Every structure is written in structure tokens, then in C-alpha cells.
Amino acid sequence: MVGDGDRFDYQPGKCAQSYRVVAVCKNLTVEKGEQVLFDDLRYFFYITNDRQAEPREIVPQANRRCNQENLIEQLKNGARAMEMPVGDLVSNGAYMVMASLAWTLKAWLALILPEEGDGGRSNGPRKTRC
């Protein structure tokens with residue numbers, strides 16, 4: 001299942017329609033230094049009604065959509081960009097753009113802060129871990 005992914009049909013009990021499921025297995029190796037501690041297998045399932053696309057097309061498309069939904073969630077609850085203080089559409093759009101730019105600027109500035117514990121003697125941007 002590693003790579004392209006397996007695909008199969010699935011029909012929930014109370015649904016008249018069956019859906020296509022793309023299952024992908026990812027091997028996330030846990031290491032300490034250069035020593036491999038253990039393999040961590042993670043399975044990801046993507047449910048779709050698109051029967052034409054290949055699994056290698058479904059997975060990035062679903063991930064892009066999830067990233068967009070996460071951005072909307074952060075703008076709603078983090079920057080409060082959806083709470084518009086003005087009354088017309090154009091002003092609300094401008095307010096949302098300003099809130100989005102402020103949120104992005106805050107995120108970029110957080111990346112250039114020195115690492116915690118080095119006393120501000122960082123020689124460059126902070127290395128982030130995913």
C-alpha cells in the first residue's frame with residue numbers, strides 16, 4: 001500500500017450510494033541521531049465520489065482542500081477575520097485582507113525569533129520542526 005495507495009468501494013449502511021476509498025500507508029521512521037528506533041506505520045483514508053482520478057491525484061487534491069479549510073479555521077478563530085466591524089461588502093473584504101496579512105506577518109515574524117535558550121545569539125532563522 002505504500003506509494004500510490006489501494007482503492008476500494010465502500011457503502012455506509014444507510015447510504016444508497018457507494019463511495020471510493022483511497023487508502024495510503026505511510027512509514028514514518030522514528031530516529032534518534034542516525035539510529036532507527038522503530039517504524040511507525042500510519043494509514044490515511046481518503047473518501048471520494050470521484051471514480052475517474054488516479055489515487056496519486058486524489059491525495060494531493062484532498063490535502064490542498066484540508067489546508068484551505070485549516071486556513072479558514074485559523075482566520076475565523078485565530079485572527080477573528082470573519083468578525084467584520086463594518087457594514088458593506090467592499091469594506092468587509094478589505095478588512096478580511098488586512099486581517100489575513102496581519103496573521104501571515106505574525107507567523108513569519110515568529111519564524112525569525114531566536115531559539116529558546118540561546119540568549120538571543122541565533123545566527124539566522126529558527127529551524128522549525130514539522
Side-chain angles (χ1 to χ4, degrees):
M1 251 199 285
V2 178
D4 250 4
D6 284 346
R7 53 188 172 257
F8 55 91
D9 285 340
Y10 171 70
Q11 183 172 354
K14 295 191 177 190
C15 288
Q17 174 184 353
S18 68
Y19 294 94
R20 181 178 179 203
V21 176
V22 176
V24 178
C25 177
K26 291 185 181 179
N27 185 359
L28 307 174
T29 304
V30 178
E31 301 175 347
K32 184 174 184 179
E34 292 188 19
Q35 181 182 7
V36 175
L37 298 178
F38 59 90
D39 289 334
D40 186 14
L41 294 177
R42 298 280 173 105
Y43 294 91
F44 297 89
F45 297 92
Y46 301 89
I47 301 172
T48 182
N49 56 3
D50 183 358
R51 299 191 183 277
Q52 304 302 320
E54 291 294 319
R56 64 179 174 270
E57 298 169 359
I58 296 286
V59 173
Q61 178 184 8
N63 288 340
R64 282 191 304 274
R65 180 176 177 172
C66 290
N67 284 339
Q68 185 65 30
E69 290 175 359
N70 287 339
L71 177 63
I72 292 169
E73 174 66 23
Q74 288 176 352
L75 288 173
K76 279 184 178 179
N77 297 321
R80 303 281 184 211
M82 300 300 177
E83 294 180 8
M84 315 291 180
V86 291
D88 62 270
L89 185 63
V90 175
S91 299
N92 286 344
Y95 184 80
M96 192 164 85
V97 169
M98 288 185 282
S100 178
L101 288 172
W103 182 264
T104 304
L105 182 62
K106 178 202 72 94
W108 284 0
L109 289 174
L111 290 175
I112 63 171
L113 288 175
E115 287 189 30
E116 190 174 313
D118 73 352
R121 296 181 303 273
S122 179
N123 292 334
R126 178 170 63 176
K127 294 177 183 168
T128 59
R129 296 185 186 113
C130 297

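Bear in mind that the values here come from a model prediction, so they are computed numbers and not experimental data.
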At what distance, to the nearest 0.5 angstrom, does [atom1] of [X] lie from [atom2] of [Y]?
| X | Y | atom1 | atom2 | value |
| --- | --- | --- | --- | --- |
| Asp50 | Glu57 | CG | CD | 8.0 Å |
| Leu37 | Glu31 | CG | CD | 8.0 Å |
| Phe45 | Tyr43 | CZ | OH | 8.0 Å |

- Check whether any side-chain N or O of Thr104 sits under 3.5 Å from a backbone N or O of Ser100 as a donor-acceptor pair, and report yes or no. yes
- Mark yes or no for whether Gln11, through its side chain, and Cys15, through its backbone, hold a donor-acceptor pair below 3.5 Å. yes
- In one Ile/Leu/Val/Met/Phe/Trp/Tyr side-chain cluster, 4.5 Å: Tyr95, Val97: no
- Task: Would you kindly confirm whether Met96 and Leu101 end up in one hydrophobic cluster when ILVMFWY residues are joined by side chain heavy atoms under 4.5 Å apart?
- Result: no
[X]: which residues meet the side chain to side chain contact (heavy atoms under 4.5 Å, CB included) condition with it, sequence neighbours left out?
| X | answer |
| --- | --- |
| Arg65 | Glu69 |
| Ile47 | Tyr19, Val21 |
| Leu105 | Leu109 |

- Task: Give a yes-or-no answer on whether the side chains of Arg7 and Thr48 include a donor-acceptor pair shorter than 3.5 Å.
- Result: no
